[in-house]
A.B. asks: 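Sending over a structure as C-alpha cells; questions will come in a sec.
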Amino acid sequence: MIHIPSAVILLFAAPLAALAVGFFVTRPYKPEWTHIPVLLSCAVVCACAAYLAAFVYSGRGLDGTLFRWMVAGDWDVPFGVRIDGIGVSVLAMVSLVGALIHLYAVGYMKGDPGFARFFLLFHLFYLSMIGLLISNNYVQLYLFWELVGVCSYFLIGFWMHKPAARRAALQAFLTLRVADLGLMLAVLILMGLYRNTRFAALYAVAGGIPTGVLALLGVLFVWAAAGKSALFPLYFWLPDAMEGPSPVSALMHAATMVTAGIFLLVRSWPLICVVPGLPEFIAVVGAVTAILAAVLASTQTDLKRILAYSTVSHLGLMAFGLGLGQVTAGVFHLVTHGFFKAVLFLCAGILAHAAGKSTVSVSEVGGLRRKMPLTFLCFLVAALSLGGFPLTAGFYSKDAILDAAFAHGGWAAAAGLAIAAGSAFYISRMLFLTFFGSRPEQKPIEHPHEAPPVMIVPVLFLSAGAVSVGWLGRGLARMLGSGWPKSVPAPALEGPTSVVSSAGLAAAALGAAGAYWLTMLRPSWDWQWRRRRPGLEALFFDDLGWRRVPVACVTAAVWFADKVGRVLDRDCWDAAIEGSTGVCRRVSEAGSRLATGSLSDSLWWVMIGAAALLAWAALR
Amino acid sequence: MTAMLWLPIAVLSAGALSVLAIGMGATPGRPIPCGLAKGVAAAAVLLALVLSAMTPEAVRPPLLRLDMLGGSIQLVFLAAAMPLLFVMTPGDEVPPALVLGSLIGMALVAAAGSLLMLFIGLELMSVPAYLLVARSRSTRAMEASVKYFFAGSAAGALFLMGMALHFSAAHSLDLASAPGPLGEAGLALMIAAALFKLGAVPLHFWLPDVYEASDPELAGFFSTGLKAAAALLLARLAGLSQGPILSILPWAAALTILFGAVVALRQQKLQRLLAYSSISHAGFMMLAVAAWARQGQASSAAGALFFYLAAYLFMSGGAFLWLKVSGFSSREQLKGLGRVRPADAAVLSVLLLALAGIPPTAGFAAKFLVFWEAFKAGLYVPLVLAGLGALLSLGYYLGLIRDMYFDEPMTAKVISEGRQDLDTAASSSVEAALGQRALVAAFAVLTVLLVVMPWLVDGLWAGGGR
Amino acid sequence: MSAVVWAVSGMLFLLGLAAVVLRRQLLAMFLGLELMVVAAALALGHEAGRAGLAEGLVAVLLVLAVAAAEAVVGLTLVLRVHWSGRPTEADALRELRG
Amino acid sequence: MSQGWLTLFWVLPAVGGLIALINRQGRWTSLVFSLATALYGLLLLGPASSGAWHVPVSSSSLAFGISYLLDCDGLSLSLCWLTAFLTVVCVIASWNKDFSRGYWAAFLFLESALIGVFLARDLFLFFVFWEAVLIPMFFIIGLWGMEGRRHAAMKFFLFTFFGSIFLLLGSIALVTRHHAATGVWTWDMVALKGPSGTAGILIFAAMALGFAVKIPLVPLHTWLPDAHTEAPAAGSVMLAGVLLKMGVYGFLRVLWPVFPQLSLELMPWLMLLAGVNVVYGALCAMAQKDLKRLIAYSSVAHLGFCLLGVVSRTPEGLLGGSLQLLNHGITTGALFLLVGFLYDRGHRRGLGDYGALYKRAPWLTFFFGFATMASVGLPGLNGFVGEFMSLIGVARVLPRFVFVGVLGVMMSAAYALPAYQSVFWDAEGKASVSAIVTDLDRREAGLLWVLCGAMLAIGLYPAPLLRVLEPFLLGLVSR
C-alpha cells in the first residue's frame with residue numbers, strides 16, 4: 001500500500017463532513033447557516049487541490065486503493081485514487097471555480113425557502129465531481145458519473161413548482177441515463193474481457209486489446225461523452241437545463257459537469273488514439289456541434305439560453321481540438337472555458353437577480369453599462385476571452401486549437417475559423433444588446449442595481465482568472481506529462497505561429513464587426529427579422545428540427561410500453577388466465593347437467609361403464 | 001388359528017342380535033333407553049376393532065384369509081362406524097343393528113378367501129345401507145334410497161355374472177386369477193361392480209344423490225367406511241388381473257379425479273359438494289390400487305392405500321360431522337362465518353386444507369404417498385392429471401375458506417335459518433352438540449397430527465419405501 | 001350343450017338388463033334385476049354341475065338367498081314410494097340432480 | 001446439536017404466532033417474538049457463516065429417504081435475517097392500525113415458514129415449508145387486503161400451487177431416479193444428483209417451473225401485480241421482500257447443485273428467460289397508472305437481474321445475484337412501506353391522484369426519492385452493486401445478454417422517475433387529496449431511516465455481506 005497523502009483523504013473527508021454537519025445539524029436547527037460548513041469544506045478542498053497540483057507539478061503522481069469495494073472470491077473492484085496530470089489540472093480548475101460559485105450562491109440564494117437543501121445538493125455535486133476526477137478505475141468513475149447526473153436532476157428541478165423546471169430535470173436525467181448506457185456497456189465489456197478496469201492496468205495493456213473491441217469501446221465512450229458534454233446527438237438537454245438557479249447553471253452547465261465527458265475522453269485517450277479514424281470522428285462531431293450551436297446561439301433571445309448554446313459550441317470546440325490529436329489544447333481550453341463561461345453565467349445571474357426573475361430575455365435589458373459598471377466590466381472581460389481576443393485566456397487556448405486545426409489542414413482549418421468567427425459574433429451581439437444603447441423594443445428592468453459584494457467579488461476574481469489563466473499553458477503541458485502512458489505521444493504546447501494567430505484574430509474581429517453592425521447601427525434588426533419571418537425563428541428555436549427527434553423517441557417508447565403493459569399483459573395474457581376459470585365454470589356446469597337425476601340415466605351410465613371395461617378386457 | 005379370524009365377525013353378529021333383542025323387549029309404552037342400543041352396538045364395534053387389530057397375519061384357510069391389506073382396511077371401516085354410532089340421532093333400535101349388519105358385510109369382504117364370500121360381503125354391506133338412507137321420512141331420502149337400491153342391485157347382478165364367467169374359466173371360486181378371455185371378462189364385470197361401489201366416474205351418478213339426501217353423519221360413514229371396503233374389494237380383484245384391466249385403471253382414476261373436482265367447483269349444496277369431492281378422492285384411491293397392482297402387490301403401495309383411507313377417514317368424516325354439528329346445508333350460509341363463529345370456521349378450514357392436500361396436514365402426506373407409489377409404478381401421465389385435479393379441487397376447498405373468512409356475513413335471515421337446525425339439535429341436548437363439536441375438533445387436530453403417521457407406520461410395511 | 005345353456009343365460013341376462021334400463025315403472029325394473037340374478041345363477045349352476053364342484057352349487061343356493069333378501073328390501077322401498085302417493089315411476093324421482 | 005439450534009430458529013416465531021392468537025395484546029407479542037427471532041438470527045451469524053454447522057451426508061432417514069435435516073450457511077442465513085428484519089419492520093409499520101389478533105399471528109407464522117424454507121436441506125421438508133408459506137400469506141392478502149383482495153388471494157394461492165405440483169412431481173422423479181442410479185433413498189439436497197439426458201431435462205424443467213412461478217418468470221407472473229396491489233402495506237412488504245426470493249433461492253440451493261452439468265448447458269435459455277423478465281417487467285412498469293402495480297412490475301424486472309447473475313455461474317454473477325436478492329428486499333420493502341403510509345393518508349394509489357406532496361410531506365418525499373434512486377440503481381446505493389456485479393457475471397459468460405441487462409437499467413429510470421415526479425412534484429394532482437396528506441411521524445420515519453441506512457451501507461461497503469454469502473456460492477462456480 002503506497003503512502004496516500006493526507007490531502008487526498010481530505011478531498012473526500014471535508015465535503016463528507018460538511019454534508020453530515022449540514023444535514024444533521026444546521027438543516028434542522030439553523031437552515032440559514034448551512035452554507036458555513038459547506039464554504040469551509042470548499043476552502044479545504046481548494047487548498048488540497050493546490051497542494052496536489054504542486055505535488056504533480058514536481059513530477060510525482062500516485063495510483064492506490066483506499067478499500068476493496070465489490071469483492072467476489074479473488075476478483076474485486078477497488079475504491080481508489082489516481083493523482084496524475086490530467087486529473088489534478090482539471091481538479092484545480094473545478095475546485096477553484098466551484099468554491100467561488102459557492103460563495104456567489106450564498107448571495108444569490110439568500111431568502112430562498114430551500115436554502116439548506118440547495119447547499120447540500122450543491123455540495124454533494126461538488127464532492128461527486130471531485131471524486132470523478134481522481135478515481136482510479138472505470139467502475140468508480142461510473143459511480144461518481146451517475147451521482148453527478150442525479151445531482152443535476154435534483155438541482156435543475158430545484159424549483160419544483162415550475163413545470164418547465166420539472167420537465168427539464170427529467171429530460172436531463174433520462175438523456176444522461178441514455179448516454180450512461182454507453183459507459184456502462186464499455187465498462188462491462190472491459191470487465192468481461194479483463195476482470196479489471198484500473199486505468200493503470202488498462203494503459204499498460206492498451207496495445208494488446210484487439211482493435212475491434214477498442215473501436216467499440218471508443219464509440220461507447222464517445223456516446224457517453226456526447227451525453228454528458230452535450231455533443232451533437234445528445235446536446236438538447238443543456239439549453240433546457242437553464243431552468244435551474246444561475247449558480248447551478250454556472251457550476252454545472254459551464255464549468256464542471258459538462259466537462260466530465262471531455263475528461264472521460266482524455267482519461268481513456270490511450271485506448272482511443274490507438275484506433276485509426278476514431279480521433280477524426282471525434283473531431284468531426286466536435287466541429288459539427290460547435291458550428292450548429294454557434295448558429296443557434298446567435299438567434300436565441302433568452303440570455304441564459306444564448307450562453308447555454310455557447311457552452312455547447314465550446315464543448316464541441318474542445319472535442320474538435322481533442323480529435324485533432326492536441327490533448328493539451330483541449331484540456332487547456334477546458335480550463336480557460338471554465339473560468340470565462342462561469343463569469344458570463346454569473347453576470348447573467350446578477351442581471352436576473354436584479355430583474356427579480358430566474359432569467360431575462362434580450363428585450364428586458366439594454367444600456368446597462370452605466371447602471372451596472374462592475375458587472376459590465378466582468379462581462380466585457382469574459383466576452384473578450386470567449387471571443388478569443390488577445391491578452392485573454394481564451395485567446396491562448398483557442399489559438400492552440402486553431403494551430404492544431406491548421407496543422408491538420410483542409411476542412412479543420414475552415415471549421416476552426418468559422419467557430420472563431422461565430423463565437424465572436426454571438427458574444428458581441430449579446431454584449432451590445434445588453435449593455436450598449438437602448439432600443440425601442442427593449443424595456444430595461446426598472447431599477448438595475450449593482451449586485452451585493454458577496455456576489456460581485458467572486459465574479460471579479462473569476463474574471464481575473466479568465467485573463468491570467470492563459471499564461472499557465474506551458475505549465476499545464478508539463479503537468480499533463482506526468483502519469484501519461486509512454487505509448488502515447490507526450491502532450492506538448494508550442495506557442496501559436498504568427499500566421500495562425502493573425503488568421504484567428506481576423507476571424508474574431510470579423511465576427512465582432514458583424515455583430516456591431518447588426519445590433520448598434522441597425523438596432524432593431526434583431527426584432528425585425530423575427531417579426532417578418534416567424535417560421536424561420538420557430539425553426540431556429542426548434543434546433544433546426546433536431547429537438548423533435550427526442551420527443552418522437554419518447555412518445556414511441558411510451559406507446560410501445562403501453563401496448564406491452566396494458567394490451568399484451570393485462571388484456572391478452574392475464575385475461576386468458578382469468579378466462580380459464582370461466583372455462584372451468586362452464587365445464588363444471590355441463591358436468592353437473594350431465595347428472596340428470598333420473599334413475600334410468602344413472603343405470604344407463606353404469607352399464608356403459610361396465611361395457612367399456614368389458615370391451616377393454618376383451619380387446620387386449 | 002382360523003377361530004381368531006371369525007372372532008370379529010362373530011362379535012359383530014352377536015352385537016347385532018343383542019341390539020335387535022333389546023328392541024323386541026321394548027313395548028310401545030316403554031321405549032328402550034335411547035343410548036342403550038347405540039351403546040351396545042358401539043361396544044361390539046370396539047371389541048371387533050381390538051380383536052382384528054390383534055389378528056395375526058396372512059392366515060389362509062379356504063374360505064377366509066386375512067392379509068395385511070385386508071386387516072388394516074378393516075380397522076378403517078370399523079373406526080368409521082364409531083362416530084356414526086356416537087352422533088346418530090337416537091331413535092329405535094333398528095339403525096344401530098343395520099350399521100352392525102353393514103359392518104359384518106365389510107368384515108366379510110376384508111376376510112374373504114373366495115369370490116362367493118366377496119359377493120355375500122358386497123351385498124351384505126349394501127343392503128343395510130339402502131335402508132339406512134331411507135331412514136328419515138323426507139321424500140328426498142326415499143328417492144335416494146330407491147336410486148341407491150336399484151343401482152346397487154344392478155351392480156350386484158353384474159358382479160354375479162362376472163363371478164359366473166370367472167367360475168366357468170377357473171373352475172373354482174377361489175380368489176385366483178383365471179386364464180383365458182372368459183376369466184378376464186368375468187373379472188372386468190366384477191371390477192365394474194367394485195368401481196360402482198367406489199364411485200368411479202362413469203358409474204358414479206348415484207353417489208351425489210345418496211350423499212345429499214342422507215343425514216350428514218351417515219354420508220360421512222358412506223364416504224369413509226363403505227368407500228374403504230369398496231377400495232379393498234377393488235384391490236382384491238385387481239390383484240387377480242394379469243394386465244388388461246390394470247392398464248385402464250390409472251386412466252379411469254385420472255378421469256375420476258378430474259371429473260369429480262370439476263363438477264364440485266360449482267356445487268352450491270355442501271353435502272353434494274363433499275360428495276363430488278369424495279368421488280375425486282376415490283380417483284386417488286384407484287390410483288393407489290393401480291400402483292399397488294402394477295408393482296406386483298408391493299407392500300409399500302398397500303401402505304399408501306391404507307394411509308390414504310385412514311387420512312380420508314378423518315378428513316371426510318370430520319367434514320361431514322361438521323355439517324351435522326353446524327347444521328349448514330348451502331354455501332351461502334358459510335359466508336362470513338370466520339367472524340361470526342371463528343372456532344367452527346377454524347375447524348372446517350383445517351379439514352378443508354387437509355382435503356385439499358396442503359402440506360402441514362395428513363391429506364398432503366396421503367397424496368404424497370400416492371404420488372410416490374404411482375411414480376414408482378411408472379404411471380407418469382395419470383400422475384400429472386391427478387396433480388391438476390388436486391389443483392382444481394383447491395378451487396372449491398379454498399373457495400369455501402374464502403367465503404368463510406373474506407366475505408361479509410350474510411343477512412341475518414340466512415344465518416338464522418341455518419342456525420335453527422342447530423338449535424333443534426342443541427335444544428334437545430346442548431351437551432350432545434358440544435360433544436359432537438368436540439369430536440369434530442378432535443378430527444381436525446388428528447388430520448394435522450397424522451401427517452407423521454406414514455413414518456411411524458413405515459416399519460409396519462417392511463421398510464416402507466425400500 | 002354348455003353353449004346352449006350359456007346362450008340362454010346370456011340372453012336372459014341381457015333381457016333383464018334391458019328391462020332395468022329401459023322400463024320406467026319401478027316394479028318392472030325390479031323384475032329385470034331379478035332376471036339378471038337368475039340368469040347368472042343359472043350359468044353358475046350349470047358350470048358347477050358340469051365341473052362336478054359342489055362349491056358352485058352351494059354358491060347358487062347362497063346367491064338365491066341373498067337375492068331374496070335384496071328383494072325384500074327393494075320391495076319395501078318401492079312400497080314406501082307408492083304409499084307416499086307418488087307414482088312409482090323412475091322419472092318421477094328427479095328431485096335430486098345437478 | 002446444531003439441528004436443535006436451527007429448529008429453535010423457525011419454531012420461535014411459530015410459538016409466538018400461537019401466543020399472539022391467544023392473548024389480546026397481539027401486537028406486543030408479535031413485536032417481542034419477531035425481535036427475539038431477529039436477535040437469535042444474529043447469534044447464528046458466527047457459527048453459520050463459518051460453516052461450523054454443516055452436517056455431513058448421512059444415510060439415516062425416517063422413511064422413504066426423508067429425514068428432518070436443517071442446514072445453515074451464509075446464503076440461507078442472510079435470507080433468514082432479511083426475513084426476520086422485514087418482519088420486525090412490518091410489525092412496527094402496522095403498529096397504529098387496529099388489526100385483529102390473527103393479523104399479528106399470521107406474520108409470525110409466515111416468518112416461521114419462510115425461515116423453514118431457507119434452512120431446510122431435505123427436499124421434502126423444503127417442499128412442506130414451501131407450501132406452508134402459502135397459508136399465512138393467503139390470509140394476510142385475503143383478510144386484511146384492499147378491495148379486490150378475495151380474487152387476488154385465490155389467484156396467488158392457485159398460481160403457486162400449480163407451480164408446486166410440478167415441484168413435487170419433479171422431486172419425486174429426482175429421488176426415484178437417484179435411487180435407480182445409486183440404490184440409496186435420500187432426499188438430501190446435498191447428496192442428490194440428477195440424471196442426465198431427457199429424463200434430467202424433464203425433471204429440471206418440472207422443478208424449475210415450480211420455482212419460476214415464485215420468481216416470477218414472465219409468463220407466470222400475472223399473480224404478482226394483483227397480489228401486491230391488494231395486499232395490505234406490510235403484506236406487500238413481506239411478499240416483495242422475501243416471498244419472491246424463494247424462487248431464485250430454489251435455483252441456487254436445489255437446481256444448481258443437483259444438476260451441475262445440465263444447468264450449464266441450459267444457461268443460454270435461462271438467460272433468455274431472465275432477460276425477457278427484465279425488459280418485459282420494465283415495459284409493463286412504464287404502462288402502469290397505479291403506484292403499487294408499478295412497483296410490482298419493477299420487482300419483476302429486478303428479479304430478472306438476480307436471475308441473470310445467478311444463471312451466469314461466475315463468482316461475480318452468483319454473488320451479485322444473491323446480493324441483489326437482499327438489496328431488492330430492502331429497497332422494494334421500503335418502497336411498499338412508503339406507498340402504504342401514503343395510502344393510509346390519502347387513500348389512493350393512482351399516479352395522477354397526488355401532486356406537490358413535497359410541500360406538505362417533505363420527509364415522505366425525501367425517503368421516497370431515496371428509495372426510488374436505490375431501486376433505479378444509483379451507484380453508491382445498494383441497487384447498483386447487485387445489478388452491476390450480476391451484469392459483470394453475464395458479460396464474462398454470454399456478452400450478448402449484457403445489452404438486455406443494460407437496457408433494463410436504463411428503462412428502470414424511465415419508469416421510476418416520472419412516477420416519483422408525478423406523485424411528489426407535479427402540481428396537477430387533485431389538490432383536495434394531497435391537501436390531507438400529513439408528513440411521516442417519528443415511528444415511520446425511524447423505520448425508514450434504518451432501511452435507507454442499510455441501502456447506503458450496502459451500497460458503499462458491501463464487502464462484509466459478500467463475504468458472508470461467499471462460502472456456498474463459490475462452490476457453485478463453474479468457471
Side-chain angles (χ1 to χ4, degrees), chain A residues 70-73 75 170 557-620, chain B residues 143 146-155 158-159 161-162 165 181-193 195-196 200-209 241-249 251-252 258-268 272 275-276 391-392 395-396:
Chain A
M70 302 188 203
V71 65
W75 167 85
L170 189 62
V558 167
W559 172 83
F560 181 62
D562 178 68
K563 279 290 167 290
V564 167
R566 191 172 49 79
V567 172
L568 175 63
D569 186 70
R570 190 166 56 100
D571 297 346
C572 302
W573 177 242
D574 202 19
I577 293 178
E578 305 278 346
S580 65
T581 54
V583 166
C584 284
R585 185 175 312 112
R586 270 193 299 282
V587 168
S588 167
E589 266 135 21
S592 63
R593 266 198 305 280
L594 202 61
T596 56
S598 102
L599 176 56
S600 34
D601 286 353
S602 70
L603 288 173
W604 192 241
W605 276 108
V606 168
M607 293 315 157
I608 289 173
L613 265 175
L614 209 61
W616 181 268
L619 283 179
R620 300 294 290 275
Chain B
E143 177 189 325
V146 164
K147 283 184 183 174
Y148 195 8
F149 167 75
F150 275 98
S153 319
L158 281 179
F159 189 93
M161 195 56 184
L165 286 169
L182 266 183
E184 283 303 318
L187 192 59
L189 283 181
M190 285 194 279
I191 284 185
L195 289 180
F196 167 83
V201 161
L203 308 106
H204 71 286
F205 284 94
W206 58 276
L207 195 135
D209 302 348
S241 155
Q242 255 62 43
I245 298 293
L246 290 190
S247 57
I248 188 139
L249 197 54
W251 295 100
L258 282 173
F259 186 88
V262 164
V263 177
L265 275 173
R266 297 302 300 167
Q267 293 303 332
Q268 290 311 318
R272 202 167 183 85
Y276 277 106
L391 178 66
L392 279 172
Y396 48 88

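Computed from a predicted model, the values in this text were never measured in an experiment. Heavy atoms only: backbone and side chains are in, while hydrogens, waters and symmetry mates are out. Numbers restart at 1 for each chain; the letters A, B, ... are given by sequence-line order, proteins then strands.
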A.B. asks: Counting only non-hydrogen atoms closer than 4.5 Å, can you tell me which residues of residues 560-569 of chain A sit against chain B?
C.D. replies: none
A.B. asks: Let me confirm one number: the CZ-CG distance from A:Arg586 to B:Leu265, rounded to the nearest 0.5 Å.
C.D. replies: 13.0 Å
A.B. asks: How many angstroms lie between atom CG of A:Leu614 and atom CG of B:Leu158, to the nearest 0.5 angstrom?
C.D. replies: 9.5 Å
A.B. asks: Would you find a donor on one side and an acceptor on the other, under 3.5 Å apart, between the side chain of A:Ser592 and the backbone of B:Val263?
C.D. replies: no
A.B. asks: Can you check whether A:Leu613 reaches B:Leu189 side chain to side chain, under 4.5 Å on heavy atoms?
C.D. replies: no
A.B. asks: Please indicate whether A:Trp604 has more than 12 foreign heavy atoms, meaning atoms of other residues, nucleotides or ligands, lying under 6.0 Å from its CH2.
C.D. replies: no
A.B. asks: Among A:Leu603, A:Leu599, A:Leu594, which residue meets the side-chain contact (heavy atoms from CB on, under 4.5 Å) test with B:Phe205?
C.D. replies: A:Leu594
A.B. asks: If only atom types and distance count, is the side chain of B:Lys147 paired as donor or acceptor with the main-chain N or O of A:Ser600 below 3.5 Å?
C.D. replies: no
A.B. asks: Are any non-hydrogen side-chain atoms of B:Leu392 and A:Cys584 less than 4.5 angstrom apart?
C.D. replies: yes
A.B. asks: Determine the option with the most heavy-atom pairs under 4.5 angstrom with chain B, choosing from A:Ala595, A:Ala611, A:Ser602.
C.D. replies: A:Ala595
A.B. asks: Could you look at B:Phe150 and say if it's the side chain, the backbone, both or neither that has a heavy atom under 4.5 Å from chain A?
C.D. replies: both
A.B. asks: Search all heavy atoms of A:Ala617 against all heavy atoms of B:Ala188 and return the closest pair with its distance.
C.D. replies: CB-CB, 3.8 Å
A.B. asks: Give, as side chain, backbone, both or neither, the part of B:Leu195 having an atom under 4.5 angstrom from any heavy atom of chain A.
C.D. replies: side chain
